[in-house]
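Notes follow once the structure below has been shown.
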Amino acid sequence: MHDAWFADEITAAVTPLLPGFGVEVVAEIDSTNTELMRRARQGITAPVLLVAERQTAGRGRLGRPWESAQQTSQPASLTFSLGLPLAPKDWSGLSLAVGLSVAESLDPASSAPVRLKWPNDLWVHDRKLVGILIETAVPQGDATQRYAVIGIGVNLGPREADGLRTPPAWVHEWRPDATPGALLSELLPPLVAMVQAFAECGFAPFAERFAARDALRGRDVQLSDGTAGRCEGVGWGGELRVQTAAGMQAITSAEVSVRPVRAPA
């Protein structure tokens, strides 16, 4: 099973960046994020990539369910979590940096319209391609350290839209031959490098690259707290800037979601 997931190649590429790094592949699990969070709280904090061929209780932002797409003759999704000790000076903007890395790996030449929807989704023509969930844990017996768990779910092939807040997009629309393992081997080394660069420098060095793929900039948006306005992009710290009737607001709360206002048909 590991051969199909390029585990040896990924380990060889990532270990120089993360000594002690390992790759684990499981056929089925409740949630890769949940499992790595459980381990971290028990003091198990080695850097690891946990890949699931199927998740039965995957989670998205604000606790929303995110299950692997049902498998057909072709794998329909790629779900994995990267766990590693992390100590950035400021955590603000980490999900944006992660999303940027994934977008640039999936679409390096901007040949496909892969865009970044603040704070943690990738969209293609306003359809969701990738979801990202980042959580942190304080390991048992070590209150000085934090362990980051970066969960990523990619729609590889077609999936049903029933019950989804946003219609799905999938990688096979423009890369029909992509396999989960090959895609994972493309995503992981740049992702680890991006996370380490973020820990050192914060989000500011990546803000202009994010702006080039910003799905919300220049659009009217509605926040989940009822605020409406026009999105003016993302600030140097990763905050969403929205021009409202009360003036410019910088949105940073993890409890606020944002949706673009659809034009009348």
Side-chain angles (χ1 to χ4, degrees), residues 1-2 5 7 10-68 77-102 119-121 130-154 184 187-203 238 252-255:
M1 181 160 59
H2 277 223
W5 288 98
I10 293 171
T11 301
V14 172
T15 298
L17 301 174
L18 280 178
F21 173 79
V23 176
E24 299 179 26
V25 181
V26 297
E28 183 173 298
I29 200 170
D30 55 351
S31 162
T32 54
N33 260 45
T34 299
E35 173 60 19
L36 292 190
M37 290 289 285
R38 281 192 291 252
R39 296 183 190 180
R41 293 187 183 110
Q42 295 168 2
I44 304 171
T45 58
V48 65
L49 171 68
L50 179 59
V51 186
E53 295 186 344
R54 181 170 183 266
Q55 287 193 126
T56 59
R59 294 176 291 110
R61 185 167 174 265
L62 305 182
R64 299 185 185 109
W66 202 103
E67 292 188 11
S68 303
S77 62
L78 168 62
T79 55
F80 63 92
S81 294
L82 170 67
L84 73 167
L86 202 64
K89 296 176 183 177
D90 186 348
W91 290 84
S92 301
L94 176 57
S95 65
L96 279 65
V98 168
L100 176 62
S101 177
V102 175
N120 58 351
D121 289 344
V130 177
I132 297 166
L133 175 64
I134 299 178
E135 301 177 282
T136 63
V138 176
Q140 187 178 48
D142 188 358
T144 66
Q145 187 182 59
R146 289 178 74 179
Y147 190 79
V149 177
I150 301 169
I152 297 176
V154 183
L184 187 64
L187 295 179
L188 245 293
L191 175 61
V192 172
M194 176 73 84
V195 169
Q196 291 184 322
F198 173 89
E200 182 69 24
C201 304
F203 177 72
T252 60
S253 173
E255 298 304 318

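Remember, predicted model here, so these are calculated numbers, not experimental data.
Residue Glu200 qualifies as open at atom CD: its count of foreign heavy atoms under 6.0 Å is 12 or below.
Scanning both residues, Phe203 and Leu96, for their nearest heavy atoms gives CE1-CB, 3.6 Å. Of all heavy-atom pairs spanning Phe198 and Gly93, the tightest one is CE1-C, 3.6 Å. Here the closest non-hydrogen pair linking Leu184 and Leu78 is N-CD2, 4.2 Å. Ala148 and Thr136 make their closest contact through CA-CG2, 4.3 Å (heavy atoms, listed as atom of the first residue, atom of the second, distance).
In this model, no donor atom of one side chain and acceptor atom of the other lie less than 3.5 Å apart for Asn33 and Ser31.
Using a distance-only test at 3.5 Å, with no hydrogens or angles considered, a donor-acceptor pair links the side chain of Tyr147 to the main chain of Ala46.
In terms of the side chain to side chain contact (heavy atoms under 4.5 Å, CB included) criterion, residue partners of Gln196 (sequence neighbours excluded) are, by chain and number, Leu17, Leu18, Val192. Listed by chain and number, the residues in a side chain to side chain donor-acceptor pair (under 3.5 Å) with Thr32 are Gln55, Ser81 (sequence neighbours excluded).
Contact annotation: the side chain of Ile29 approaches that of Leu50 to within less than 4.5 Å [non-hydrogen atoms, C-beta and beyond]. Between Leu94 and Leu86 the shortest side-chain heavy-atom distance falls below 4.5 Å.
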**Request:** Apply the test side chain to side chain contact (heavy atoms under 4.5 Å, CB included) to residues Val48 and Glu35: give CA-CA distance (whole Å), side-chain angles for both, the deciding distance (0.1 Å), then the verdict.
**Result:** CA-CA 12 Å; Val48 65; Glu35 173 60 19; over 6 Å; no
**Prompt:** Could you walk me through whether Trp5 and Ile10 pass the side chain to side chain contact (heavy atoms under 4.5 Å, CB included) check?
**Reply:** CA-CA 9 Å; Trp5 288 98; Ile10 293 171; 5.9 Å; no
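With Ile152 as the fixed residue, the side-chain contact (heavy atoms from CB on, under 4.5 Å) test singles out one of Ile134, Leu133, Leu191: Leu191.
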